[in-house]
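Read the structure below first, then the notes.
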Amino acid sequence: MRPDNPYAEMLETLDSLDPSLAESVREVLERADPPIAAEAVDLLVNETLWGIVREESFGRAIAAGYLKLFAALKSDKLTRYRDLIRAGGDRGTTVGRLLAIHLIPVLIDDGSSILDYFLAAVKTMELKGTYTLLHPLEASSELIESGDRKSATVFLKLLITAFGVDLNYNQCQHLSRRLPQAARDFAPHKRYWQLEQLLRVVQADVHLSEYFLNGMDKGLQLLSPAALGDFVSKALEICRSSTPSARRFLCLDSQQGFETFTDMQVAVSLREMQPRLNRYLRARTGRPISIRPSSTIAGLSAQQIGDVMESCSDGASVYLPDEIAVFDHRSKNADLYRCLLRFEIGCHEFGTFDFDLDRLQDRWRRCPTAQPAFDSHTRFVSLDHTSEVQSDLDRFFKLFPLPGLAADLFTIFEHGRIRCQLNRRYPGLIRSYLPILQQEGRQAVGLLEVLYAVVALDLPSGPNVDLGDDHQRLIERIAAEFEERTEVLALPVETSAEMVLRTYRDVAAECGKIAATGTPHYGNGRFKVPFNRRLRPDLAIAASVVADRRAGLIQKALENRGYRAYRADIRKQLEMNKGVLDTEELLKIIEPVAEKSKPGHTNHQPLEENFTELIVGELPGVSGSVTGEDGGLSCPTTWYREWDFNLSDYLNNHTCVRDRRVSGQENQFYRRTLDRHRGLVNRIRYSFELLKPEGLKLCRRWIEGDEFDYRALLDYVLDKRAGRTPSERLYLKRLKEIRDVAVLLLVDLSRSTANTATGSTERVLDVEKEAIVLLSEALEVVGDTYAVAGFSGTGRLGVDYYHIKDFTEPMNASVRQRINAMTPQRNTRMGAAIRHAASQFDSVPSRVRLLIVLGDGYPNDLDYKKDYATEDTRRAISELRSRHIHVHAITVNINPEDNGRLDTLYGEIHHNVIANVLELPEKLWRIYGAITR
Amino acid sequence: MTIKPQADIDYTHVKEKPYYLSADTEEELFRAAFDARLPVMLKGPTGCGKTRFVEYMAYCLKRPLITVACHEDLFASDLIGRYLLKNDETVWMDGPLSRAVRIGAICYLDEIVEARKDTTVVIHPLSDNRRILTIDKRGEILTAHPDFLLVISYNPGYQSVLKDLKQSTRQRFVAIDFDYPQEQKEAEIVAREGRVTPETAQQLVALACKIRRIREQGLTEGASTRLLIYAAQLINRGVPERESCKAAICRPLTDDQRLQETIVELIDDHF
């Protein structure tokens, strides 16, 4: 320690006990500004020593606590802190340490009542046991530190109430985790009143809380504050007569609960609308655009997500609000989702993001009555595109003195342009959905908002009390000009930019008059667009930055050859063709440079036949089409898509399946199995013999056929003689009975198959292998085409598919050896394996195609768990069904109570559970016989 | 005794010129194939004009046309013919194929893939340079009339393993691809056949293009031109546009409620 250190002496004792702690304390003290008073430091040291003596971590916590109080300038709280810590420490070091950590946010926060609640909560929970303290106190600190004092207070009251009643150990344990988790799970902007309702429930009966929280997960969190309050009131009323009914009501299991909830529910979440919106989106655009919640827009704060409903799009996705509760009726809120989506798609359909500054410049030059909107700013600077990532739209706005105003004007005109285009192409859409926007737009006040209402929403520009005559006239003039310009058929996005150029000066002047009376200066989006539909060129460029850069380089390469094309057009082509340049398409958008822009620059050369390849070759760091690395292995790989249920969409080329050929191991396993199960083998052979078809079947007395059935002919003659109407059924036909089945047995080789089967010393996989051997014998007898394969792997890029026996391969020694060589591997990415198995059937012309999946659990892999994995596997199975491949699953060694989830995964009638895997050899071939009868 | 073929010729001729708008070079191809008497295979989805095209060509070439709709219970005897009992006598009755072979008609086997494979091989000797039809039951080998032409249609999008054309059958034919016409032409066809205004026809075609994009999501085949014409005809008779489209396009295509929802949304956009 340095001798000139002011704290050296005071920290000396501490230093001798815990040098590293002393060092860190000293560092903080030295940095403190203003410097910490000596008494305070003394206090810190003494208390820390007092704590360390009892337990090291306790001491450290105390030191950290004091330092935080110093940093927050709460010297007045120091004494209180000390007293409370001492009191806690006397009761135990665990309590003491927790208090040392979690008192800090409480003390730093200025409200005095929260401290009282905090202490009361600690006291109540301590009575149940110190094990209850950890998670609740962590949650409480999180809430206070995030600034949500109201929620923190309610949360503490909740703890006091919940732990104040009689609870056993397990219940305490459960609540001490569940309640903090609930507090965290509630959305920040709703947390306070949702916690209040939870408190009400707990006050009535703490055991109802679990049911209430279940109900919240299922959808109660969508209710408005008043509605949720009503719902809970109703539940408490039911609770007075019957607690079980109240429970079912709260968790929406009972009919009454569910109906009450649906009646009250006004909010619609994006999640429930997403599948339908996605289908519409795909049909309308045919492009891989996905729908995402606006909470995933980069750069939004948590508060913004809650408060402001935002919808916008970048090139690749449309962002819609996570939840809409604007109207009183669910159907109206659902309609609003549809309305927002339809108008947002307009940006994609009509080329908002294809704006090109060069193209605007050319158009502006060609315009005969060009009135410059600004004198010194009519330079369209050709900036170096490769240096910064900025969209052409943002560059355009920056040309104006008030970029925010330019952006607002552009929004107005662009929305108007899209409305006109939609009206031309989809009159029904405008008729149904524009009124929703108009209703909102009618409340416009202020110059820009009224202009928006008139131009973008086609509302009549009637007299408005708020606007003066000047503003009124300006709006009418602009509206008329817009009307005139949009009568032509071709309306590229640059039209809106031209309108901005024409109107900026006058609007800026009028806004200047407003500004003189004290409205804020212009930023972006100063005026309120109905439902917050914004244009976000920054997001668009971020989504296509790679394509944009490449487009820029390609543009330069073309210029070198004396040709020009607009960068936006090139970028669009790259995006449509997935990064690949197509010669024919490219030729449509390029033209020779007419004027000599640089001296010494020769005329354009005729383009080489393979000029696209040459250009691509000149680009630095060019990558080819999507190929995956096969990890250095030389085995063939195939890429498959995976279903992401969050997006309700496929992720293309997402998983890579490697075909592996297993080398067999010489062993007597096959023979031994047959010997061991000799009796069973004989039975199998017998029953499968019976399954074999009998050859040609003779059908008599048919209306048509190959030959006359002479017995029927005799009847015919006899009937005629007797005066009766003879039968028409006079023919014979021969039908060939074919049993045409192909089956692929797909075995899960995941790690868990190495576990011992219950009630045996063998591994699960060994028992499965025995079953496979017996099934093979059966299949050889009946003559069905069959194949055996295993799968496992790690991660989406490493799914291994092991060929044990192919369809065309006969059963021979090497196949038997391969069966023996099957060993447990790693994870279970079932979706990819099932899709790959389906492709094996392509070589098989059989009428009936069956895939049997033999596994011991659920799909599980990296990033592939629970609902996601279940949904992808289900999707893969339904893909197979649409290709007429039946899927049947046999799950072994699993708890039968988990059946529910297996039902969801495979469908109720398409799977069997064999709890005791030892029964598998006996059952597998029976199941097979039953399926293929 | 056999029924005289002459009586057939009259009723099998196409009397009125059918309306057909050429998409590409299919007419020239067909004429060339007819001149060389090469069998023709028309490939394409349902409702895109294959049958109409054959009628049109039969009219242009002034040949009689005999159509057989193939199905799974079609036996060889249905095509070739059988003995019937008439008034205590057995009488040989020619099937449509034999009739066509005798009188030199164009024999059009629609959706050949539906028929059983052992029936399909009957046409093999007719579709190579032998041009003969063997009638086992009569012990007759029928040589085809010089003007006889065999035409089959086939929908490759069927995707059934069982129902696919064998190579030995496929490689006997000259194939012409059919698909939904290009938008402008399709609008013209719909306007004419459906007797609606060009604007309405264009909206119907735009709607169909969007529905065809749903194809990969669960609709096995998109909206065919035929359905658009039905919708147009309903509109022509005064049924409101949305209702016509729902009845003629949405409900026939699919029973899946979610897909129907999406199609209805698209219809509501356009009308």
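Each chain gets a letter, A, B and so on, in the order its sequence line appears, and its residues count up from 1.
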**Prompt:** Should we count CZ of Arg258(B) as having more than 12 external heavy atoms under 6.0 Å?
**Reply:** no
**Prompt:** Hey, is CD on Glu728(A) packed in by over 12 heavy atoms from elsewhere, all under 6.0 Å?
**Reply:** no
**Message:** With a 4.5 angstrom heavy-atom cut-off, is it the side chain or the backbone of Ile430(A) that approaches chain B, or both, or neither?
**Reply:** neither
**Message:** Looking at Arg170(B), I want to see if its CZ is surrounded by more than 12 non-hydrogen atoms of other residues, nucleotides or ligands under 6.0 Å.
**Reply:** yes
**Message:** Other residues, nucleotides and ligands only: do more than 12 of their heavy atoms fall within 6.0 Å of CD on Glu272(A)?
**Reply:** yes
**Complete:** Heavy-atom closest pair (Arg284(A) atom, Lys210(B) atom, distance to 0.1 Å) is O-CE, 3.4 Å
**Item:** Closest heavy-atom pair and its distance - Arg213(B), Arg282(A)
**Value:** CD-O, 3.8 Å
**Which atoms of Asp136(B) approach chain A - backbone, side chain, both or neither, heavy atom under 4.5 Å** = neither
**Message:** Is Arg425(A) in contact with chain B via its backbone, its side chain, both, or neither, using a 4.5 Å heavy-atom distance?
**Reply:** backbone
**Complete:** All heavy atoms of Gln203(B) vs all of Pro427(A), minimum pair found to be NE2-CD, 3.1 Å
**Prompt:** Side chain, backbone, both or neither: which part of Ser878(A) has an atom under 4.5 Å from a heavy atom of chain B?
**Reply:** neither
**Asked** Between the main-chain N or O of Phe271(B) and the side-chain N or O of Arg431(A), is there a donor-acceptor pair closer than 3.5 Å?
**Response** yes
**Prompt:** Nearest heavy-atom pair of Tyr280(A) and Leu266(B): which atoms, and what distance?
**Reply:** CE1-CD2, 3.8 Å
**Request:** Can you establish whether the number of heavy atoms outside Tyr731(A) located under 6.0 Å from its atom OH is more than 12?
**Result:** yes
**Prompt:** Counting only heavy atoms not in Arg881(A), do more than 12 sit closer than 6.0 Å to its CZ atom?
**Reply:** yes
**Shortest non-hydrogen separation from Gly705(A) to Arg82(B) and the atoms involved** = N-NH2, 4.4 Å
**Item:** Structural part of Leu730(A) lying under 4.5 Å from a heavy atom of chain B
**Value:** side chain
**Asked** Near Leu713(A) CG, under 6.0 Å, is it more than 12 heavy atoms from other residues, nucleotides or ligands?
**Response** yes
**Asked** Could you state the interatomic distance from CZ (Arg338(A)) to CD (Glu265(B)), rounded to the nearest 0.5 Å?
**Response** 5.5 Å
